[in-house]
Protein chains: 2
Amino acid sequence: MTQATSSLTDTQSAPPDSSVAEPGRARYAVLAQVLRDRVLRGDWPPGGALPAEQVLAADHGVALGTIRQALQLLVAQGLIERIHGRGTFVRAGLSGATMLRFFRFGAAAGTGLGPPASAILARSRVAAPPDVARHFGPGQGGDMLQLLRLRSLAGAPCLVEQIWLPLPAFAALADGPTAAWGDLLYPAYASRCGVSVHRAVDEIGFAALGTEHAALLGLAAGHPAAVVSRRAFDIAGRCVEFRITRGDAQAFAYTVTLI
Amino acid sequence: MTQATSSLTDTQSAPPDSSVAEPGRARYAVLAQVLRDRVLRGDWPPGGALPAEQVLAADHGVALGTIRQALQLLVAQGLIERIHGRGTFVRAGLSGATMLRFFRFGAAAGTGLGPPASAILARSRVAAPPDVARHFGPGQGGDMLQLLRLRSLAGAPCLVEQIWLPLPAFAALADGPTAAWGDLLYPAYASRCGVSVHRAVDEIGFAALGTEHAALLGLAAGHPAAVVSRRAFDIAGRCVEFRITRGDAQAFAYTVTLI
DNA sequence: GAGTGGTCTAGACCACGAC
DNA sequence: TCGTGGTCTAGACCACTCT
């Protein structure tokens, strides 16, 4: 891996970036890790631009192709995105990540039914139960904001969600009218709390509806439900949201492709 | 995109491969399509080796880096795989693609329970019902082989599968002892019928069990079940198998990561 | 040792976006 | 027009695998 370290035109006193020499690992992989760390450290904010590849190459004393390989790695990891003619940017985060992709309500999802609506039915500060707190960091998980949210299509309720958000990071959502948040939560997290969701892990399961949730969805108690437990993470890998979504199992439909 | 088409050292009478000039598309993309077509046409069999990149580059009259970009595209598409020091090979196909990844039977999947077992309970030639036939090509779907298969863990039945295979491609499975097929079907398809499964699409839903399937699984009729409908495709994109798998919804658990 | 893919270089020109 | 990323070249050396 340690390439020629070539010799010629070495008139300068010191190499531009000596940290880029490691045995057993490709130069571009080391560079990628260096850049990754800088992104996670916040050297460039989400949505912000990285230096041009020419600049990065010069700074680290490598050829253009090498820095391009490093950046390509970060693109594959979903950390940055590159736009032809504009530059290289830190990924802003998920805006949609809609639960509706798991369900087929009405004829086809979002066809003729109008946009999905969201209503916050309850909001409270709670001490997180252990089952919830364990998803957050060890220091985290004490004081939390708990939401009960109902999603509707064409006026008909279809999904009920329990959401836990760590405090004080989400203190800005603890007061004030919830109607102003809009129908999508993640943009509200970003604009009101400065928290951008970068990755989400959904676990799908199955259970019977309790009386409370069933009533909200207009179904009978004990009706079969699909249960999606989501952990959402910021760019640094910290869990910033835990959510349990329930919907009619009859409406559940999800497609997986194996290659 | 159409690069310099440069001039120098053009002592030969004709360019090595004139098909590699197209306006509006990158050279490597055109090359990738050419190679892709050759793979699908069967110029190199599944598991077989492609020529070395040096040879391909010379044949098409491009630089090494360009052919490497083209091959990288085909790797990303899952069509080929490259092995350092050995060569570039047409992907052999899926061997596992196990349904058990959707379920958590016992403590953890495949832990201490021993390997999953498979039994063919019924086998018959049928005219495919329209709902099944439509998944296969328009000419296909008439005469089919239908299987009823039961999968067990530690002796306990856990999944029941209905499987449709087009004839005459799968005629080799129509007779003889099914016990000799082994516990995995796709390797049997490959060795006995020369059909390799390259891609599979699973659609997940929930439904109540019918009396027959419930009895096979040792559950009550009407018990909620997870239903996975799979279409399996060969390397050329032809549907070669349709399968409906049912298992206890309580045991269903699947994880999706969004980035 | 021969042959393969993997890494790296130093340059060129092209296509795109914004000013 | 300028700066950006995208494509392409022609070479070098390295690491891996098989014989």
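All of these numbers come straight from a predicted model, not from anything done at the bench. Chain A is the first sequence line, chain B the second, and so forth, proteins listed ahead of strands; every chain is numbered from 1.
One can place CZ of B:Arg27 at 13 Å from P of C:dC14, the figure rounded to the nearest angstrom. Atom C1' of nucleotide C:dT7 and atom CD1 of A:Ile67 are separated by 14 Å, given to the nearest angstrom. The distance between atom CD of B:Gln72 and atom C1' of C:dG6, rounded to the nearest whole Å, is 11 Å. Atom C1' of nucleotide D:dC8 and atom CG of B:Leu73 are separated by 15 Å, given to the nearest angstrom. Between B:Arg25 atom CZ and D:dG6 atom P the separation is 18 Å, expressed in whole Å. Whole-Å rounding puts the A:Leu64 CG to D:dT4 P distance at 11 Å. We find that CZ of A:Arg68 is positioned 16 Å from C1' of C:dT7, with the value rounded to whole Å. Protein atom CG of A:Leu56 is 14 Å distant from nucleotide atom P of C:dT9, rounded to whole Å.
For DNA chain C, the residues of residues 38-55 of chain B within the heavy-atom distance limit of 4.0 Å (strictly under) are B:Ala52, B:Glu53, sorted by number. Residues of residues 76-87 of chain B having a heavy atom closer than 4.0 Å to DNA chain C, listed by number: B:Arg82, B:Ile83, B:His84, B:Gly85, B:Arg86, B:Gly87.
Under the side-chain hydrogen bond (donor to acceptor under 3.5 Å, both in side chains) criterion, B:Arg151 pairs with no residue, sequence neighbours left out. Considering only residues two or more places apart in sequence or on other chains, A:Arg192 meets the side-chain hydrogen bond (donor to acceptor under 3.5 Å, both in side chains) condition with none of them. For B:Phe170, the ring pair (Phe, Tyr, Trp, His ring centres under 6.0 Å) criterion is met by B:Tyr189, not counting sequence neighbours. Considering only residues two or more places apart in sequence or on other chains, A:Gln77 meets the side-chain hydrogen bond (donor to acceptor under 3.5 Å, both in side chains) condition with A:Arg36. Applying the ring pair (Phe, Tyr, Trp, His ring centres under 6.0 Å) rule to A:Trp164 yields the partners A:Phe242; only residues at least two apart in sequence or on another chain are considered. Remark: A:Phe89 pairs with no residue by the ring pair (Phe, Tyr, Trp, His ring centres under 6.0 Å) rule, at least two apart or across chains.
Of the side-chain N and O atoms in B:Thr88, one or more sit less than 4.0 angstrom from OP1 or OP2 of C:dG5. The phosphate of D:dT7 has neither OP1 nor OP2 within less than 4.0 Å of any side-chain N or O from B:Thr66. Of the side-chain N and O atoms in B:Tyr28, none sit less than 4.0 angstrom from OP1 or OP2 of D:dC8.
Sorted by first and then second residue, the side-chain hydrogen bond (donor to acceptor under 3.5 Å, both in side chains) pairs involving residues 229-240 of chain A (not counting sequence neighbours) are A:Tyr186-A:Arg230, A:Asp202-A:Arg230, A:Asp234-A:Arg238.
The side-chain heavy atoms of B:Phe233 and B:Leu94, taken from C-beta on, include no pair separated by under 4.5 Å.
Of the charged side-chain nitrogens involved, none lies within less than 4.0 Å of a carboxylate oxygen, so that B:Arg91 and B:Glu81 do not count as a salt-bridged pair.
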